[in-house]
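By convention in this document, chain letters (A, B, ...) are assigned in the order of the sequence lines, proteins followed by strands, and residues within each chain are numbered from 1. Side chains included, hydrogens not; waters and symmetry mates left out as well; all remaining heavy atoms used. The shown structure was predicted, so the numbers you read here are calculated from the model rather than taken from an experiment.
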There are 2 protein chains.
Amino acid sequence: MLRVGDGSLELLKGTLDVLLLKTLSHGPLHGYAISRSIRRATDEAFTVEEGALYPALRRLEKRGLVEAEWGVTDTGREARFYRLTGAGETELASGLRTWHRYVAAMARVLADGHP
Amino acid sequence: MLRVGDGSLELLKGTLDVLLLKTLSHGPLHGYAISRSIRRATDEAFTVEEGALYPALRRLEKRGLVEAEWGVTDTGREARFYRLTGAGETELASGLRTWHRYVAAMARVLADGHP
DNA sequence: TTATATCCCTAAGATTACAAGGGATATCCC
DNA sequence: GGGATATCCCTTGTAATCTTAGGGATATAA
């Protein structure tokens, strides 16, 4: 679970979607910028690999949670910008609730004295 | 991610081990009792399916984190009792730290205003 | 005798992350 | 000019681990 070399954690399968949706909730970003944003926000704890990122963005697009559009970055490069849709916002809210419930449930088990 | 019918959550792949180790840290239990303990502690939020539970216990056993032994339950039934080993305690401590770092990293992304 | 709870287990299927590639361009520095 | 680095896109293969869906057996209560 823990990667030894750097201090980065493996992503738990199922949490990437909400990370992406949340990151896009501040405004459209291209894949590379999304990855950078998450890496910086978590102080390198989360590094979103490209092999996870792009398939995940495709999944979200297919589900109608994000929309993609080609554009040009600040640095003058072609890039695909992803934008959160209305359905994406709804899913984000749901995902946040689910995550918080998950953390609460974990806390109940991991707290001492539940048997 | 969310199962609609009941209020139970799908387990994120990778969190089951620490749940099991923690549950066993209070003393030896057999599989069925472990499952029941977690279900009750989380107020039904987590239901550990048998198809996940037994393979997970085998993995932990193979890694030397738990030891198994046949015994008899309070109700007079044969059951395999799992006991946390020293290595299991160490792994539990490590798993707890990892989980807390994970939650903290998630929180930094999911909090408003990180871009 | 039927249902429910208690106990064990496996096999197939799906999902989803990582690893490891490939490709292209801009910019900085020597 | 040339090389390294950062910026951008993507796919394929692999591994891990969960859910679903079974199978089997016994005790007890209705």
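Judged as a side-chain contact (heavy atoms from CB on, under 4.5 Å), and not counting sequence neighbours, the contacts of A:Ala105 are A:Arg108, B:Thr42, B:Ala45, B:Phe46. The salt bridge (Lys or Arg N to Asp or Glu O under 4.0 Å) search around A:Arg40 returns none, not counting sequence neighbours. Applying the salt bridge (Lys or Arg N to Asp or Glu O under 4.0 Å) criterion to B:Arg63, with sequence neighbours excluded, gives B:Asp17, B:Glu91. Partners of A:Tyr82 by ring-ring contact (aromatic ring centres under 6.0 Å, His included), not counting sequence neighbours: none found. For A:Phe81, the ring-ring contact (aromatic ring centres under 6.0 Å, His included) criterion is met by A:His30, not counting sequence neighbours. Not a single salt bridge (Lys or Arg N to Asp or Glu O under 4.0 Å) links B:Glu50 to another residue, sequence neighbours left out. Residues meeting the side-chain contact (heavy atoms from CB on, under 4.5 Å) test with B:Ala93, sequence neighbours left out: B:Arg97. Here A:Val72 pairs with A:Glu78 under the side-chain contact (heavy atoms from CB on, under 4.5 Å) rule; sequence neighbours left out. For B:Glu61, the salt bridge (Lys or Arg N to Asp or Glu O under 4.0 Å) criterion is met by B:Arg80, not counting sequence neighbours.
One interatomic measurement links the two molecules: CG of A:Leu53 to P of D:dC10, which rounds to 9 Å at whole-angstrom precision. Distance, A:Glu49 CD to D:dC9 P: 16 Å, rounded to whole Å. At whole-Å resolution of the value, CG in A:Leu11 and P in D:dT17 are 15 Å apart.
Not a single donor-acceptor pair under 3.5 Å links the side chain of A:Ser35 to the backbone N or O of A:Gly31.
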N/O-N/O pairs, protein side and nucleotides 12-15 of chain C side, under 3.5 Å:
| from | atom 1 | to | atom 2 | distance (Å) |
| --- | --- | --- | --- | --- |
| C:dT15 | O2 | B:Lys13 | NZ | 2.8 |

Could you go through nucleotides 6-8 of chain D and list every protein N or O atom that sits under 3.5 Å from one of its N or O atoms, giving the distance for each pair?
| from | atom 1 | to | atom 2 | distance (Å) |
| --- | --- | --- | --- | --- |
| D:dT7 | OP2 | A:Tyr32 | OH | 2.8 |
| D:dT7 | O5' | A:Tyr32 | OH | 3.4 |
| D:dT7 | O2 | A:Arg77 | NH1 | 2.9 |
| D:dT7 | O2 | A:Arg77 | NH2 | 3.2 |
| D:dC8 | OP1 | A:Thr73 | OG1 | 2.9 |
| D:dC8 | OP1 | A:Thr75 | OG1 | 3.0 |

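Nucleotide D:dA16 forms a Watson-Crick or G-U wobble pair with C:dT15, both donor-acceptor distances falling under 3.5 Å.
Of the residues in residues 55-67 of chain B, those placing a heavy atom less than 4.0 Å from an atom of DNA chain C are B:Arg58, in numerical order.
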